[in-house]
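One structure below.
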Number of protein chains: 2
Amino acid sequence: MYTVKEVSKLLGLTEHTIRYYTDKGLVPSVQRDKNNNRLFDEESLNWLIGVKHLKQCGMSVEDIKSYVDLCLEGRSTIQERYGIIMKQKATALAQLEEAKQRAKYMEEKANHYLDIINEVLPDDTNPGKWQKNMPIAH
Amino acid sequence: MYTVKEVSKLLGLTEHTIRYYTDKGLVPSVQRDKNNNRLFDEESLNWLIGVKHLKQCGMSVEDIKSYVDLCLEGRSTIQERYGIIMKQKATALAQLEEAKQRAKYMEEKANHYLDIINEVLPDDTNPGKWQKNMPIAH
DNA sequence: TATAACCTTCGAGTAACACGAAGTCAAGAG
DNA sequence: CTCTTGACTTCGTGTTACTCGAAGGTTATA
């Protein structure tokens with residue numbers, strides 16, 4: 001059983017965010033101890049991991065709540081839930097492509113700065129100084 | 001030269017966001033036509049692409065503004081700018097790893113749903129029905 | 001017994017848009 | 001020549017998802 005603080009360290013979410021999610025009903029299986037403190041078992045932890053992934057896919061808290069409610073309704077909602085997951089899976093794959101591009105861009109940018117620092121190129125990263133026929137640095 | 005609408009389509013940002021960024025000074029090279037409409041040339045477009053990437057790395061609008069101001073100051077700030085870019089590059093690489101994990105998770109989740117729909121497994125994605133000794137589905 | 005180290009709820013504040021109203025301007029239709 | 005369409009403008013409010021801090025309860029250690 002994990003406290004909010006422990007879950008925070010395990011998942012890399014702030015304690016505030018974890019309380020916010022549980023209060024919104026995104027982790028229906030979370031329990032309380034005799035002092036009213038939130039207690040997460042393995043199941044709650046796994047649910048929260050799922051919530052975290054769905055959130056990072058771009059789903060709103062409200063939409064995740066709807067999904068969780070569908071889960072609580074049982075088998076009859078499986079097709080609908082599958083549709084939601086398929087959509088978020090597509091989003092995740094698109095995000096992966098974007099992340100690759102972003103990493104590549106930042107790497108090139110860093111190398112470009114190195115070139116400037118080594119005086120191989122003039123400082124054309126300054127937008128105010130850019131002139132026609134100069135290579136574009138951004 | 002591109003209008004706000006064209007830039008919106010090119011970069012996948014909303015027109016609102018583009019105006020917001022230019023108003024905040026994140027694209028210093030953007031011009032206006034005789035009717036006061038924002039006009040983007042190649043340079044402005046490239047700057048906005050850079051801003052978009054920095055934003056997606058998790059930088060705040062305020063911090064990006066500081067970075068842009070450093071750029072406008074010229075060569076003397078190169079080392080500082082290089083430091084910022086190196087940090088964001090590290091972030092981008094970490095994000096790439098997370099995106100991979102997320103895509104993998106969503107793929108497994110989708111396959112799991114397929115198994116349930118094909119009645120290979122019971123519906124143990126329902127947190128309210130989870131029991132000890134049952135396999136964890138999330 | 002007090003001091004710290006946890007946890008709680010609650011309410012206000014913030015970042016980054018998102019949206020809509022109200023107005024300007026240029027081009028094409030009748 | 002007026003009218004409508006459509007894209008742009010500014011400005012001000014609304015929304016989401018936190019984020020922070022205050023005020024207070026409980027338990028372990030000194």
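Within every chain, numbering begins at 1; the chains are lettered A, B, ... in the order of the sequence lines, protein sequences first and strands thereafter.
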Next on the checklist: Side chains of Ser44(A) and Asp41(A): any donor to acceptor distance under 3.5 Å?
Outcome noted: yes
Does [N] have OP1 or OP2 under 4.0 Å away from a side-chain N or O of [X]?
| X | N | answer |
| --- | --- | --- |
| Arg32(A) | dT9(C) | yes |
| Thr14(A) | dC18(D) | no |
| Lys55(A) | dC18(D) | yes |
| Tyr20(A) | dT16(D) | no |
| Arg38(B) | dC8(D) | no |
| Thr3(B) | dC8(D) | yes |

Next on the checklist: Within the 4.0 Å heavy-atom criterion, would you say Lys24(B) contacts the bases, only the backbone, or no part of the nucleic acid?
Outcome noted: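 Result for Lys24(B) = nothing.
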Checklist entry - Are Glu62(B) and Lys65(B) close enough for a salt bridge, meaning some N to O gap below 4.0 Å? => result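 The answer is no: the pair does not qualify as a salt bridge.
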Item to check | Side-chain ion pair, Asp23(A) and Arg38(A), N-O less than 4.0 Å | outcome: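 A salt bridge is present here (some side-chain N lies under 4.0 Å from a carboxylate O).
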Item to check | 5' precedence on DNA chain D between Lys34(A) and His16(B) (nearest-nucleotide basis) | outcome: His16(B)
Item to check | Gap between atoms CG and C1', on Asn35(B) and dA27(C) respectively (whole Å) | outcome: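 Distance, rounded to whole Å: 12 Å.
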Checklist entry - Side chains of Ile78(B) and Ile116(A): closer than 4.5 Å at any heavy-atom pair? => result yes
